[in-house]
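Worksheet for the structure shown next.
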There are 2 protein chains.
Amino acid sequence: MRDSKIIDVARKANVSPATVSRVLNGSPLVTGKTKEKVLQVIQELNYTPNAMGKQLRSRKTMTLGVVVTDIGVAYNAEIIKGIENTANGLKYKILICDSQNEKEKELEFLSLLQNRTVDGLILVTPQLTDSEIFSFADEDYSIGIIGRQINHPFIPCCFTDNIRIGREVVQHLMEQGHRRIAYISGYADAPDSIGRQEGYREELESAGLTFIPELTDIGDFDEQGGYEAFKRLWADNQKFTAVFTANDEMALGVYKACAELRISIPESMAVVGVDNIRITNYVEPKISSVEQPLYAMGALLAEKLIDQMNGSVRAEQQLFMLHSTIMAKGSSVKGG
Amino acid sequence: MRDSKIIDVARKANVSPATVSRVLNGSPLVTGKTKEKVLQVIQELNYTPNAMGKQLRSRKTMTLGVVVTDIGVAYNAEIIKGIENTANGLKYKILICDSQNEKEKELEFLSLLQNRTVDGLILVTPQLTDSEIFSFADEDYSIGIIGRQINHPFIPCCFTDNIRIGREVVQHLMEQGHRRIAYISGYADAPDSIGRQEGYREELESAGLTFIPELTDIGDFDEQGGYEAFKRLWADNQKFTAVFTANDEMALGVYKACAELRISIPESMAVVGVDNIRITNYVEPKISSVEQPLYAMGALLAEKLIDQMNGSVRAEQQLFMLHSTIMAKGSSVKGG
DNA sequence: TTGAAAGCGCTAACAG
DNA sequence: CTGTTAGCGCTTTCAA
């Protein structure tokens with residue numbers, strides 16, 4: 001069954017296509033009577049406006065591209081939800097790209113901006129470097145980033161205050177009586193690793209303690225990496241009573257290492273991670289962690305990007321730094 | 001900077017737009033020399049074909065819509081990955097809808113098929129009833145379903161063999177010496193609940209045991225529901241030594257209930273769930289579960305739907321029933 | 001092998 | 001308030 005088009009409706013209702021279009025788009029300049037007639041014919045013909053015709057003519061797809069490194073990670077899924085809900089509320093749809101951490105796939109997806117398949121693009125902690133992203137940033141292309149701060153006048157960013165995360169975790173551990181606190185970072189060059197370590201250091205020093213490089217190691221953000229990093233730290237025989245891992249996956253690795261080494265948590269070793277993933281509440285003891293406002297980050301950035309796309313101000317770059325919340329649980333509170 | 005269009009390229013290369021289009025689409029009828037010239041101009045002008053123009057003219061968006069009830073659930077994320085990868089390989093893009101279990105949102109998204117925003121739509125265990133879906137099924141609309149079998153000539157379906165899941169779980173539990181096995185279903189009317197219970201019953205009976213209705217309860221597929229169902233079963237004082245929950249969330253609820261009731265797993269109570277979610281390997285003891293080929297389901301259905309969309313056979317309905325694998329772990333194997 | 005011309009279905013100027 | 005008309009950028013007959 002061939003779809004009917006605007007001209008069919010127009011003819012049957014004895015009006016022009018323009019009038020039908022006006023009715024469809026809620027123009028106030030149509031008489032009640034005409035409008036009713038048109039609406040009725042639309043019903044009779046079961047007419048639906050063709051999106052491609054509309055998009056071509058209006059030069060808008062009402063679609064936002066979203067590039068994520070892995071849709072299966074709860075962190076990303078929550079951000080996507082925030083984006084999606086906000087976008088949908090503003091009549092935008094979401095085109096997803098799970099890049100599987102491949103730069104090439106991310107780059108490929110960016111071309112959807114050029115060919116106007118999407119009106120704007122949100123990158124969630126992409127693999128792409130700043131300069132690769134810059135090469136696409138243009139007066140005419142709307143790009144936003146979540147989970148990383150980059151310095152470009154047209155690119156709004158939304159990220160957490162990593163320094164503050166580091167400070168609060170250390171502060172919490174010090175309140176529990178710890179003085180020698182280890183830090184396991186993710187990838188060495190990841191902003192999240194660096195920022196959290198910076199906060200860790202600042203807080204230690206502002207408490208009059210010294211930052212000891214030997215108490216830090218690198219764990220690549222995954223369970224295995226955390227496991228290995230902890231074992232290295234432990235073997236190094238630096239005494240420490242608490243470890244702060246830059247994410248929860250690595251904290252799980254620490255749990256595994258402690259089990260093998262017969263170190264009891266939290267009695268002999270306090271552990272705090274970041275992200276507050278679900279599993280932290282199912283292991284014994286529950287893992288203290290820092291909860292980031294992921295949904296809010298997605299929602300906020302989507303809103304701001306859409307705003308910007310729709311011509312509002314672009315006077316200065318929009319940077320949004322959100323705060324996280326520490327959730328103290330059994331892994332860092334004795335008798336908790 | 002205004003994008004250049006096909007006519008700009010044509011003029012600069014001294015050819016017609018038709019020729020440029022031919023080059024762009026790899027038509028074999030273009031001279032090598034002409035082709036080179038055109039390609040060169042395309043480079044110079046940094047020309048990218050406008051997707052909307054192309055889509056309108058060719059009546060194809062190369063986009064697949066995907067409706068999921070919750071993108072944050074690992075089950076769904078894995079299916080989406082299968083769909084996305086396959087679709088991308090065939091040059092299709094993915095438009096996502098997280099319906100949050102709201103029928104209304106699912107229905108709204110279905111309209112993207114009507115207005116030709118997407119070429120086809122995949123529903124992943126939707127809330128919509130069969131008849132609601134049927135009202136959209138049409139020679140002209142391509143819809144596929146994952147996780148549920150529905151009976152319609154144009155709608156390919158991909159789902160797991162739930163009866164077999166039930167039989168294999170019961171068989172495994174019987175091998176471990178259990179004779180009185182309880183079953184906690186999800187929503188009473190969910191095909192997954194029914195199929196798994198059917199398999200449970202069949203296997204019991206084929207082993208010469210009787211199906212005891214008092215040993216079954218309903219847990220709504222979530223942790224709390226599993227917790228409550230187990231407590232009801234236990235309070236009912238029917239003796240049983242094993243419980244099969246229709247998914248892992250409910251198994252987690254059973255763990256909670258057993259902890260409170262001081263029933264030790266697996267010594268006094270064996271537990272088996274379905275889905276093999278990540279948490280099953282982080283609780284103590286690990287939860288035995290049934291792993292479904294989720295990625296494969298997504299990939300398979302995407303492929304078949306795209307095939308069907310591209311005019312291949314539509315002789316008979318395509319039904320794909322995949323098999324799952326039981327993963328026996330500590331919760332059902334003593335000393336495991 | 002290439003070009004001319006006619007739309008795909010819609011919206012927006014401009015007239016009336 | 002409504003109609004006429006001219007495209008949005010592209011592909012695809014049909015002719016040459």
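Source: prediction; values computed, not measured. Lettering of chains follows the sequences in order, A, B, ..., and the numbering in each one begins at 1.
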Pairs: protein N or O with nucleotides 12-16 of chain D N or O, under 3.5 Å:
unit_1: D:dT12; atom_1: O4'; unit_2: B:Arg57; atom_2: NH2; d: 3.1

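Remark: B:Arg148 engages B:Asp130 in a salt bridge, criterion side-chain N to carboxylate O under 4.0 Å.
If you measure from atom CG of B:Asn50 to atom P of D:dT11, you get 10 Å, rounded to the nearest angstrom. The CZ atom of A:Arg59 sits 16 Å away from the C1' atom of C:dG9 (whole-angstrom rounding). Across the protein-nucleic acid pair, A:Leu24 atom CG and C:dC10 atom P stand 8 Å apart, rounded to whole Å. Rounding to whole angstrom units, NZ of residue A:Lys37 and P of D:dT2 are separated by 14 Å. Separating the NZ atom of A:Lys60 from the C1' atom of D:dG9 is a distance of 19 Å, rounded to the nearest angstrom. Atom P of nucleotide C:dG7 and atom CD1 of B:Ile7 are separated by 18 Å, given to the nearest angstrom. A:Met52 has its CE atom 14 Å from the P atom of D:dT11, to the nearest Å. Atoms CG (A:Asp8) and C1' (C:dG9) sit 11 Å apart, rounded to a whole Å.
Nearest nucleotide to the B:Ile6 side chain, out of D:dT11, D:dC8, C:dC8: D:dT11. Of all nucleotides listed (C:dT11, C:dT2, D:dC8), C:dT2 comes nearest to the side chain of B:Leu29.
Remark: the A:Glu102 side chain and the A:Ser99 side chain contain no N/O donor-acceptor pair separated by less than 3.5 Å. In this model, a donor atom of one side chain and an acceptor atom of the other lie less than 3.5 Å apart for A:Asn85 and B:Gln100. At a cut-off of 3.5 Å, with distance as the only test, a side-chain donor of B:Gln292 or B:Thr160 sits close to an acceptor on the other residue. For the 3.5 Å distance criterion, the side chains of B:Gln40 and B:Glu36 fail to qualify, holding no donor opposite an acceptor. For the 3.5 Å distance criterion, the side chains of A:Asn14 and A:Lys37 fail to qualify, holding no donor opposite an acceptor. Side-chain atoms of A:Asn76 and A:Lys81 include no donor-acceptor pair closer than 3.5 Å. B:Asn115 and A:Thr48 form no side-chain donor-acceptor contact under 3.5 Å, judged by distance and modelled atom types alone.
Side-chain N/O atoms of A:Thr34 include one lying less than 4.0 angstrom from OP1 or OP2 on D:dT2. Residue A:Lys54 has no polar side-chain atom (N or O) positioned under 4.0 Å from OP1 or OP2 of C:dC10.
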Given B:Tyr187 and B:Phe221, is the ring-ring contact (aromatic ring centres under 6.0 Å, His included) satisfied, shown in steps?
-> CA-CA 7 Å; B:Tyr187 308 119; B:Phe221 285 129; 5.3 Å; yes
Please report the C-alpha distance between B:Leu300 and B:Lys304 in whole Å, then the side-chain angles of each, then the deciding distance to 0.1 Å, and finally whether the side-chain contact (heavy atoms from CB on, under 4.5 Å) criterion is met.
-> CA-CA 6 Å; B:Leu300 180 63; B:Lys304 296 303 178 182; 3.8 Å; yes
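A:Asn115 comes within 4.0 angstrom of nothing in the nucleic acid, heavy atoms only. Counting non-hydrogen atoms under 4.0 angstrom, A:Asn14 reaches the backbone sugars and phosphates but no base.
Remark on the helix from C:dT1-D:dA16 to C:dG16-D:dC1: inter-end axis angle 30°, axes from five-pair C1' superpositions, rounded to 10°.
The 5' end of DNA chain C is approached more closely, in terms of each residue's nearest nucleotide, by B:Val30 than by the other of B:Val30 and B:Leu56.
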